[in-house]
Amino acid sequence: MKELEKRYNAKEIEERIYKNWEEKGFFKPETQPQKSAGRPYVIVIPPPNVTGILHMGHALNNTIQDVMIRFNRMKGIETLWVPGVDHAGIATQNVVEKKLAKEGKRRWDLGREKFLEEVWKWKKESGDTITRQLRRLGASCDWSREAFTMNENLSKAVREVFVTLHDKGLIYQGNRIINWCPRCQTALSDEEAEHKDTEGGLYHLKYSVVGKKAPFEKMGEDHIVVATTRPETMLGDTAVAVNPEDPRYKHLIGKKLLLPLVNREIPVIADEFVDPKFGTGMVKVTPAHDPNDFEMGQRHNLPQINVMQPNGKMNEFAGDYNGMDRFEARKKVIEDLEAQGLFLKKEKHMHAVGQCYRCQTVVEPYLSKQWFVKMKPLADKALKEHKAGKTVFTPDRWTKVYTNWLEGIRDWCISRQIWWGHQIPAWYCDACASKNQEPRSKDQDLVPGSCSLVQEPIVSRETPKNCPKCGSDKLRQDPDVLDTWFSSWLWPFSTLGWPDKNHPDLKKFYPGSDLITAPEIIFFWVARMIMAGCEFLGEVPFNRIYLHGTVRDDQGRKMSKSLGNSIDPLEVIEEMGADALRWSLVMLSAQDVYLSREKFEVGRNFTNKLWNASRFVLMGLEGYTEGTAELKIDPKTLPAAHRWILSTLEKKTKLIEKELAQFGLSQASTELYHFVWNDFCDWFIELAKPYLQDEKTKKETQAVLFYVLEKILRLLHPFMPFTTEEIWQRFRDLAQDKDQWPETIMHANWSGNAMGSMSDETAEKEIDLLQRAVTGFRDLQVLQGQSLKTMACATVVHNPQVQVSFERQLPQIVKLAKVQSISFVDAKDMDMYSMRAYPDFSVLVPKASDSQKETEMLEKKIAELKPWIESMEKKLSNENFVARAPKQVIDGEKAKLEDAKKLLVSCEEQLAKLK
RNA sequence: GGGCGUUUAGCUCAGUUGGUUAGAGCAUCUGCCUUACAAGCAGAGGGUCUCAGGUUCGAAUCCUGAAACGCCCACCA
C-alpha cells in the first residue's frame with residue numbers, strides 16, 4: 001500500500017487526475033457504467049465569452065453545476081453536461097478593436113473581411129483559455145460535445161430560426177428609436193442599456209413666439225420655456241407640445257414658435273402625453289432623438305430631424321454644431337442661447353441615464369432602421385407553460401421577476417451594426433433597386449442606419465444566387481449581424497443537433513433538467529431560452545431554474561476588473577487547490593457571496609483535514625486485508641461508538657441528499673463539514689484509537705473506519721472531486737473485492753449500496769452522554785488550571801438507566817477526558833469536589849486548593865437556574881399551554897424542569913457546605 | 001415611480017411548516033508540539049435576534065407599520 005504523502009500537493013494531483021478523467025472519457029454519458037432507466041440529467045453550461053477569462057462568478061456558477069452533475073451521475077442517473085462558449089459579438093469585437101487601436105488602426109481601415117480574419121485569429125489564440133480554466137476547476141463537462149455559437153451547426157440553427165420567424169411575420173424591419181451606443185456604433189436592445197441614476201441638469205430654454213424678440217416681457221405671450229436634460233437635441237426639435245387641458249397654454253396651440261440657433265419655425269401642438277405638473281408644462285418635441293417624442297411625432301405627423309452622426313458627433317443638420325461631439329455641443333448650445341438671452345436656468349436633476357452594457361458609454365436614443373422580433377406571441381407561450389407548472393424557479397422570488405417581464409414584454413431589437421456575429425440572412429438586389437429607383441423622401445435621408453434601403457429584402461435559409469424577381473446575381477447581404485443573444489437563446493437545443501430533428505442527442509437529451517445561472521441574465525438569456533424552446537421544440541428547455549447569488553467583494557461591490565477588487569480564482573487554485581476554492585464557494589453560497597482572500601481558508605483547511613484523517617485511517621489499516629465497499633459485520637455486535645458513527649452517517653446522508661435535491665448546496669456542505677470534522681475526526685477517530693490498540697477489537701474498528709471514510713469520500717466527491725478521487729484510489733488499491741469497484745469514484749454510487757438500516761438510537765444517546773461527560777471533565781480541568789492525569793475523579797448519576805450507559809463508556813471517558821480514573825460517588829460526598837452539572841448527571845473533580853473559583857461557579861450556575869425554573873413553572877402552570885401545546889413539548893419541558901430543580905438543590909447544598 | 005431582498009455575536013452568515021435556555025466559521029482570550037492534522041487539539045467569553053405595534057399558551061420565525069442598506073425594473077421631458 002502506498003502511504004499518503006504528508007502534504008496534499010494540490011497542483012500535481014489535480015492536473016494528473018483531471019487528465020486521466022478526460023482521457024478515459026469519464027465525463028461522457030456513454031461511458032457511465034451504472035444508469036437507471038429514467039430520464040437523463042442534463043445541464044447546458046451558460047456559455048462564457050470565447051475570449052473571456054475565468055472570474056469568480058464563473059467559478060461559483062460552474063462549481064454549482066459540477067456538484068449537481070457529479071451528484072446525479074453518482075446517483076446512477078445518466079448525466080450530460082454540455083459545455084461551450086459564446087462568440088459574444090460586441091464584447092469580442094471591442095477586444096479586437098482595442099488591440100488594433102494599439103497599432104493605430106480602426107476596423108474600417110482593415111475592412112470587414114480582414115477585420116473578421118483578425119477576430120478569428122484572436123479567437124484561435126485565446127479561445128481555449130476559458131475552457132482550459134474550467135478544466136482546472138474540475139468541471140466534468142462532456143468536452144466531446146463542446147459547442148460554439150458560431151459553429152456551422154449553431155449558425156444553421158440561427159438562420160433557421162430567423163427565417164421561420166420572418167415567414168411567420170414575427171421578424172420585421174422598422175424605423176424606430178433604439179438605444180444607440182456611439183462608441184460601439186451599434187444599436188442595442190432595451191436590456192443592453194443599463195440605466196444608472198445620474199445627477200444631470202434640467203435646462204430651461206426660451207423659444208420666442210414668431211415675430212417677437214428678446215428681451216421678453218411675458219412667458220406664454222411672447223415666448224415660452226421648455227425644460228430638457230439634453231439641450232443639444234433642440235437642434236432637431238420639430239414642435240413644442242402642451243397638454244390640451246392646460247389652461248395656461250391653450251391659447252398657444254397652433255401658434256408658431258421660432259426655434260433658436262437654427263431659426264426654424266415649429267408649431268405648438270397639444271398632446272395628452274404632456275404632464276402639466278412637470279417642468280414648465282411645455283415639452284420640446286424631438287422625434288428623432290426621444291422615444292416619446294417619436295410617438296408624438298407619429299401622432300401629429302411631424303418631420304423627424306436627426307442631428308447626430310452614428311459616432312455621437314453632430315451632423316450637418318445641426319448647422320454650426322456639425323462635427324462637434326454631443327457633450328461639447330451641449331455646452332456650446334447653452335453658451336450660445338445664453339448670449340441671446342434665451343437660456344433661463346439650469347436645475348439639478350436626478351435621472352436614469354442609459355449606458356452601454358459593454359463599454360459604459362452613455363447611449364443615445366436614436367432613430368434608425370433595425371430588425372425586430374415581435375415577442376408577444378412567444379412570451380404568451382412561455383407564460384402558458386409556466387402556468388402549467390413547467391418552469392420552477394429557485395429561489396422562488398425570481399418567479400415574479402420572470403413573469404412580470406414576460407407580461408410586459410417589448411419587441412426585441414436584434415440587428416447590430418458590428419461585424420463579428422451571424423450576418424443577417426437577408427439580401428437586397430442592386431438591380432431591382434436601380435430599376436425602381438423610387439425617389440427617397442427627405443425624411444428617409446435623415447435616417448441613417450445601414451439597412452435603410454426602401455426595398456423588401458430576400459430572406460432565406462440558403463444564400464441566394466439570383467434575385468427571385470429579376471434574376472440578377474447582384475445581391476448584397478444585409479451588412480448587420482444579429483444580437484449575440486439571438487444565438488444564445490437557442491443554446492439548449494442548438495447544442496444538441498437542432499435543427500436536425502432526428503439528431504440522437506436531441507431526441508435523448510432534450511429537454512434538459514436544470515438551468516443554473518446568475519439572476520443578472522434572467523431577461524437576456526433565461527426567459528428567451530424558454531420562449532425559444534416553447535416556440536421551436538414545443539417544450540420548455542428545462543424544468544428547474546436555479547439562480548445563485550452574485551459574487552461580490554467584502555464591501556458588497558460587484559467584482560470587476562475595472563474596480564480592481566477581483567480575486568482571481570486561478571490564483572486561489574494555484575495556491576490552495578481547486579477543491580479548496582470549490583468548497584469555500586459552495587459553503588458561502590447561501591446567498592450573495594461576499595469574498596475576500598481569507599474566506600478560502602475554510603476550504604483549504606477542510607481539504608487538509610480530510611487528507612490527514614485519511615492518512616490516519618490508511619496508516620491504521622496496515623495489515624488489514626478485508627476492506628470491502630460494504631460492511632460485512634453485523635452492526636449490532638459493535639461497540640457503541642462504532643454504531644453511533646454508522647447511525648450518524650446514515651442520518652446525515654439522508655439529510656444531505658434531501659438538500660442537494662433542492663439546490664441546498666450550502667446547507668449540504670455545512671452538514672458534511674460538521675459530520676466529517678466534528679463527528680468523524682474529533683470524536684470517532686479519537687474513540688477508535690484505543691479499539692485499534694486492542695487485538696480483539698482491531699479488525700472491526702478497521703472495518704468501520706474503512707467503511708465510513710470511504711463513504712465520506714463519496715459524499716464529498718461532488719464538492720471536492722480531486723482530493724476524494726486521490727484518496728479513494730488508495731482505498732480501492734486496498735480493497736479485497738477490487739473488481740466490484742469502478743475505475744473512478746465518479747462512477748461509484750453516491751450513498752453506497754443500500755444496506756439494512758444503521759440507525760441506532762441507543763448508541764446515539766450513549767455517545768451523547770459520553771461527549772457531555774468528557775466535555776465536562778475537560779472544562780473543569782481548564783477552569784481549575786490543573787491537569788487531572790493523576791487524579792481520581794468521580795461522578796454522580798441519578799437515573800439508573802444512565803448509570804448503565806455511563807459504566808459502559810467509563811474507560812472511554814477516562815481516556816478522552818484525560819483523567820486518572822472515575823468512580824461513582826454518593827451525592828452527599830459532593831463537597832469534596834468541584835462540579836460541572838448536567839441534567840442526568842454531574843461530573844466531579846477534586847477541589848482546587850482555593851475555593852474562590854468554586855464558589856463563583858456555583859453562584860453563577862444558581863443565578864442562571866433560578867429565573868429559568870421560575871419561568872418554566874409559570875409556563876407549565878398556564879392552562880392554555882397545557883391544553884394546546886403538543887404532548888412531546890410538554891413532556892420535554894417537564895423533564896427538563898425536574899432536572900433543573902435537582903441540579904439547583906445540589907448546587908445550593910454544595911454552596912452551603914463551602915461556606 | 002413601481003417591485004424585490006437584507007437587517008441575528010466584533011466580522012461573515014445558518015436558523016427547516018411558530019415549540020425544549022438562539023447556532024457555526026472567522027476574530028479574541030486561556031491551556032496544549034497528546035506519534036493523522038499547529039492549516040491542528042481542548043476550553044472560554046461574547047446576542048433586548050434593527051425599531052414600534054399586533055396575532056398566539058408560546059414569535060428570530062406569522063401580520064401591520066417604520067428606519068437603514070442593497071438590488072432589479074420604468075419613456076415624465
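Model, not experiment: these values are computed from the prediction.
Taking atom C1' in both B/rU35 and B/rG40, the straight-line distance is 14 Å, to the nearest Å. Spacing of P atoms, B/rG31 relative to B/rG70, comes out at 43 Å, to the nearest Å. Across B/rA9 and B/rA22, the matching C1' atoms stand 11 Å from one another, rounded to whole Å. Look at the P atom in both B/rG46 and B/rA24: the space between them is 14 Å, to the nearest Å. A gap of 9 Å separates the C1' atoms of B/rU8 and B/rG15, to the nearest Å.
Counting any heavy atom pair closer than 4.0 Å across all strands shown, A/Ala352 reaches a base atom. Heavy atoms of A/Val283 sit under 4.0 angstrom from at least one base atom.
When the nucleotides B/rG25, B/rG40, B/rG19 are ranked by their closest atom to the side chain of A/Tyr673, B/rG25 comes out on top. For A/Asn612, whose side chain is taken as the heavy atoms from C-beta onward, the closest listed nucleotide among B/rA36, B/rC73, B/rU21 is B/rA36. Nearest to the side chain of A/Thr228, among B/rA77, B/rC75, B/rA36, sits B/rA77. For A/Asn608, whose side chain is taken as the heavy atoms from C-beta onward, the closest listed nucleotide among B/rC75, B/rC37, B/rC4 is B/rC37. The side chain of A/His674 has B/rA24 as its nearest neighbour among B/rA24, B/rU12, B/rA36. The side chain of A/Met619 approaches B/rA36 more closely than any other nucleotide in the set B/rA36, B/rC76, B/rC41. Here the nucleotide nearest the side chain of A/Arg615, chosen from B/rC4, B/rA77, B/rC37, is B/rC37. In the set B/rA42, B/rA77, B/rG3, B/rA42 carries the atom at the smallest distance from any side-chain atom of A/Asp682. Comparing B/rC41, B/rA74, B/rC76 against the side chain of A/Asp275 picks out B/rC76 as the nearest. Closest to the A/Phe523 side chain, of the nucleotides B/rC72, B/rU21, B/rA77, is B/rC72.
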Just the table, please: protein N/O against nucleotides 54-57 of chain B N/O, every pair under 3.5 Å.
residue: B/rC57; atom: OP1; partner: A/Arg884; partner atom: NH1; Å: 2.8
residue: B/rC57; atom: OP1; partner: A/Arg884; partner atom: NH2; Å: 2.9
residue: B/rC57; atom: O2'; partner: A/Asn878; partner atom: ND2; Å: 3.1

Within the sub-3.5 Å range, which N or O atoms of nucleotides 67-69 of chain B have a protein N or O partner, and how far apart are they?
none

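Residue pairs satisfying the salt bridge (Lys or Arg N to Asp or Glu O under 4.0 Å) criterion with at least one member in residues 581-591 of chain A, sequence neighbours excluded, are listed as follows: A/Asp66-A/Arg582. For residues 662-676 of chain A, the salt bridge (Lys or Arg N to Asp or Glu O under 4.0 Å) pairs, not counting sequence neighbours, are A/Lys652-A/Glu671. Legend: salt bridge (Lys or Arg N to Asp or Glu O under 4.0 Å) pairs involving residues 275-292 of chain A, not counting sequence neighbours, sorted by first then second residue: A/Arg230-A/Asp290, A/Asp237-A/Lys284.
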Identify all side-chain donor-acceptor contacts of residues 875-883 of chain A below 3.5 Å with residues at least two apart in sequence or on another chain.
residue: A/Lys875; atom: NZ; partner: A/Glu893; partner atom: OE2; Å: 2.7
residue: A/Ser877; atom: OG; partner: A/Glu873; partner atom: O; Å: 3.1
residue: A/Ser877; atom: OG; partner: A/Lys874; partner atom: O; Å: 2.9
residue: A/Asn878; atom: OD1; partner: A/Asn880; partner atom: N; Å: 2.8
residue: A/Asn878; atom: OD1; partner: A/Phe881; partner atom: N; Å: 3.3

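Closest approach of A/Leu205 and A/Phe343 over heavy atoms only: CD2-CD1, 4.0 Å.
Put simply, A/Arg778 has a side-chain N or O that comes within less than 4.0 Å of OP1 or OP2 on B/rG43. Residue A/Lys689 places at least one side-chain N or O under 4.0 Å from the OP1 or OP2 atom of B/rA36. For B/rC71, neither phosphate oxygen OP1 nor OP2 lies less than 4.0 angstrom from any side-chain nitrogen or oxygen of A/Arg397.
Under the side chain to side chain contact (heavy atoms under 4.5 Å, CB included) criterion, A/Val774 pairs with A/Trp683, A/Leu770, A/Arg778, A/Ile813, A/Leu816, A/Ala817, sequence neighbours left out. Take A/Lys196 and apply the side-chain hydrogen bond (donor to acceptor under 3.5 Å, both in side chains) test, not counting sequence neighbours, and it matches no residue. For A/Tyr691, the side-chain hydrogen bond (donor to acceptor under 3.5 Å, both in side chains) partners are A/Gln812, not counting sequence neighbours. Residues passing the salt bridge (Lys or Arg N to Asp or Glu O under 4.0 Å) test with A/Glu657 are A/Lys75, sequence neighbours excluded. The ring-ring contact (aromatic ring centres under 6.0 Å, His included) test applied to A/Trp868 returns no partner, not counting sequence neighbours.
A donor-acceptor contact under 3.5 Å links the side chain of A/Glu686 to the base of B/rA36.
Under the 4.5 Å side-chain criterion, counting only non-hydrogen atoms from C-beta, A/Trp398 is not in contact with A/Ile545. The shortest distance between side-chain heavy atoms of A/Leu581 and A/Met56 falls below 4.5 Å.
RNA chain B contains the following stems of three or more consecutive Watson-Crick or G-U pairs, with both distances under 3.5 Å: B:1-7 with B:67-73, B:10-13 with B:23-26, B:28-32 with B:40-44, B:50-54 with B:62-66.
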